[in-house]
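Just so you know, ligand 1 is whichever comes first in the structure, and atom 1 is the first atom listed for that ligand. Numbering starts at 1 and runs along the sequence shown.
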Amino acid sequence: MTQWANTAVLLMAYGTPARREDVEAYYTHIRHGRPPSQAELEDLLSRYDAIGGLSPLWQITQRQAAVLQAELNRRHGVDAVKVYLGMKHAHPFIADAIEEILADGRQRVVGLVLAPHYSAMSVGTYLDEAKRALADRRPFFPVESWATHPGLITLLAERIQEIRRQFSDAEQQDLPIIFTAHSLPQRILALKDPYPDELKRTGDRVAEVLGTTHYTFSWQSAGRTREPWMGPDILEKLTQMAADGFRQAIICPAGFVADHLEVLYDLDIQAQQHARQLGMHIERTRSLNDDPALGRILADVVEGALQHD
Ligand SMILES: CC1=C(CCC(=O)O)c2cc3nc(cc4[nH]c(cc5[nH]c(cc1n2)c(C)c5CCC(=O)O)c(CCC(=O)O)c4C)C(CCC(=O)O)=C3C
Ligand SMILES: [Fe+2]
């Protein structure tokens with residue numbers, strides 16, 4: 001029998017700078033302590049400017065914690081399972097959240113990342129940081145992946161159905177779906193990292209629910225580093241599709257659960273502009289953000305992690 005009382009959910013997300021003055025420190029943290037060049041910093045600042053100055057990610061992350069908390073309260077009573085936010089690259093950091101959890105006297109910790117697809121380089125590093133900070137002081141129940149949770153599949157399928165209506169009847173006759181996630185350095189492939197397959201499993205299941213075979217995959221938002229990153233990048237993908245005669249497509253950024261720079265800039269500004277130049281009509285699916293359905297999915301995932309306690 002699972003004991004719910006005194007459980008903590010360490011809900012982890014990327015984090016974003018709270019103020020413009022914090023962008024440099026944030027970027028330095030992402031780069032493992034190496035400060036960016038002036039040009040790199042200005043490039044990042046100009047992308048934030050293009051989406052209105054800063055990212056809404058932190059506000060959305062807080063609302064996502066709230067919908068999960070509401071669902072856990074409904075299922076297990078108020079305060080039995082309490083959600084704590086820990087960011088990878090901004091305040092409150094993962095280690096800060098762990099200290100708060102211990103100070104509150106919580107007896108077990110579920111580690112859950114707001115990204116559905118496991119990679120040792122993404123979700124794996126959040127879980128490693130949580131484990132390091134917890135240092136065996138409480139039992140830890142990590143969630144590695146929720147890529148094929150049935151609720152996630154249904155929700156993404158609904159988001160795709162919803163965006164179809166933005167296209168004319170004629171366009172809907174030939175409307176491929178492009179599932180995207182954040183690119184990672186190519187070296188993860190040599191390590192047999194599950195990440196590409198994780199995204200594929202999500203896309204395959206969503207397409208199956210929609211009853212379509214008209215879909216493909218692409219990576220986006222590759223980092224500005226010297227090493228090669230996984231492709232095809234979404235911009236190359238659109239170029240290729242235009243060359244193959246496609247005039248429209250739906251982009252479903254299945255690797256992300258919130259509106260942030262990668263969605264609002266890389267897709268809504270950069271990819272849109274590229275598509276216009278190619279004469280293509282593209283639309284992206286609405287982010288999950290604080291949809292109560294996301295709260296139910298995350299609550300299921302938390303319960304699944306504790307099943308064997
Ligand atoms: C896998 C992955 C996810 C998805 C899973 C998850 O969510 O964890 C993700 C999400 C995000 N990445 C974000 C921001 C950035 N990521 C960067 C750079 C990098 N990302 C990487 C990986 C990922 N990142 C990597 C390996 C680097 C290179 C690091 C290096 O140099 O060694 C840079 C540096 C500049 C640039 O390259 O653009 C920025 C500004 C924001 C917040 C944006 C906002 O504020 O709204 C979000 C949600
Ligand atoms: Fe990133």
Side-chain angles (χ1 to χ4, degrees), residues 11-20 22-62 64 85-91 93-94 111-130 143-147 179-189 191 193-196 198-199 202 219-230 233-234 253-270 287-289:
L11 188 65
M12 293 175 277
Y14 206 82
T16 191
R19 301 167 311 172
R20 206 178 157 81
D22 301 331
V23 172
E24 185 167 7
Y26 171 70
Y27 203 169
T28 303
H29 194 273
I30 290 173
R31 291 166 50 92
H32 312 279
R34 292 176 299 117
S37 69
Q38 198 57 34
E40 286 169 322
L41 179 60
E42 274 163 23
D43 179 67
L44 180 56
L45 285 167
S46 74
R47 283 181 279 144
Y48 279 120
D49 285 343
I51 65 163
L54 284 170
S55 169
L57 180 58
W58 171 235
Q59 283 73 25
I60 296 169
T61 302
Q62 287 176 291
Q64 290 175 323
L85 278 176
M87 304 297 105
K88 192 183 203 176
H89 295 299
H91 295 284
F93 285 100
I94 291 168
L112 173 58
V113 183
L114 283 167
H117 306 106
Y118 183 84
S119 165
M121 247 189 109
S122 65
V123 168
T125 62
Y126 288 85
L127 297 175
D128 288 348
E129 171 62 8
V143 174
E144 296 207 322
S145 169
W146 43 286
F179 293 99
T180 70
H182 200 296
S183 184
L184 284 172
Q186 262 175 28
R187 67 185 141 88
I188 69 156
L189 300 176
L191 306 169
D193 192 273
Y195 189 64
E198 290 262 299
L199 177 65
T202 299
W219 303 106
Q220 63 165 93
S221 315
R224 285 146 177 85
T225 65
R226 254 176 248 158
E227 62 182 329
W229 286 61
M230 291 191 301
D233 181 81
I234 185 64
F256 301 120
V257 297
D259 286 327
H260 48 55
L261 197 64
E262 276 74 355
V263 171
L264 301 174
Y265 185 82
D266 297 349
L267 293 181
D268 291 358
I269 296 178
Q270 200 178 38
S287 298
L288 306 186
N289 289 337

Please give the N or O to N or O pairs under 3.5 Å between ligand 1 and the protein, distances rounded to 0.1 Å.
{"residue": "ligand 1", "atom": "8 (O)", "partner": "Tyr126", "partner atom": "OH", "Å": "2.5"}
{"residue": "ligand 1", "atom": "12 (N)", "partner": "Glu262", "partner atom": "OE2", "Å": "2.9"}
{"residue": "ligand 1", "atom": "16 (N)", "partner": "Tyr14", "partner atom": "OH", "Å": "2.9"}
{"residue": "ligand 1", "atom": "20 (N)", "partner": "Tyr14", "partner atom": "OH", "Å": "3.1"}
{"residue": "ligand 1", "atom": "24 (N)", "partner": "His182", "partner atom": "NE2", "Å": "3.1"}
{"residue": "ligand 1", "atom": "37 (O)", "partner": "Arg224", "partner atom": "N", "Å": "3.3"}
{"residue": "ligand 1", "atom": "38 (O)", "partner": "Arg47", "partner atom": "NH1", "Å": "3.1"}
{"residue": "ligand 1", "atom": "38 (O)", "partner": "Arg47", "partner atom": "NH2", "Å": "3.3"}
{"residue": "ligand 1", "atom": "38 (O)", "partner": "Arg224", "partner atom": "NH1", "Å": "3.0"}
{"residue": "ligand 1", "atom": "45 (O)", "partner": "Thr16", "partner atom": "OG1", "Å": "2.5"}
{"residue": "ligand 1", "atom": "45 (O)", "partner": "Tyr48", "partner atom": "OH", "Å": "2.7"}
{"residue": "ligand 1", "atom": "46 (O)", "partner": "Ser55", "partner atom": "OG", "Å": "2.5"}
{"residue": "ligand 1", "atom": "46 (O)", "partner": "Leu261", "partner atom": "N", "Å": "2.8"}

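Judged as a side chain to side chain contact (heavy atoms under 4.5 Å, CB included), and not counting sequence neighbours, the contacts of Ala13 are Thr61, Met87, Leu114. Residues forming a ring pair (Phe, Tyr, Trp, His ring centres under 6.0 Å) with Trp58 (at least two apart in sequence, or on another chain): none. Residues satisfying the ring pair (Phe, Tyr, Trp, His ring centres under 6.0 Å) test with His29, not counting sequence neighbours, are His89, Phe93.
Annotation: side chain of Thr225 is not in contact with side chain of Pro185 (no heavy-atom distance under 4.5 Å). By the 4.5 Å heavy-atom criterion applied to side chains, Tyr195 and Trp219 are counted as neighbours.
Partner of Val257 under the side chain to side chain contact (heavy atoms under 4.5 Å, CB included) criterion, out of Val263, Val113, Leu288, Ile60: Leu288 alone.
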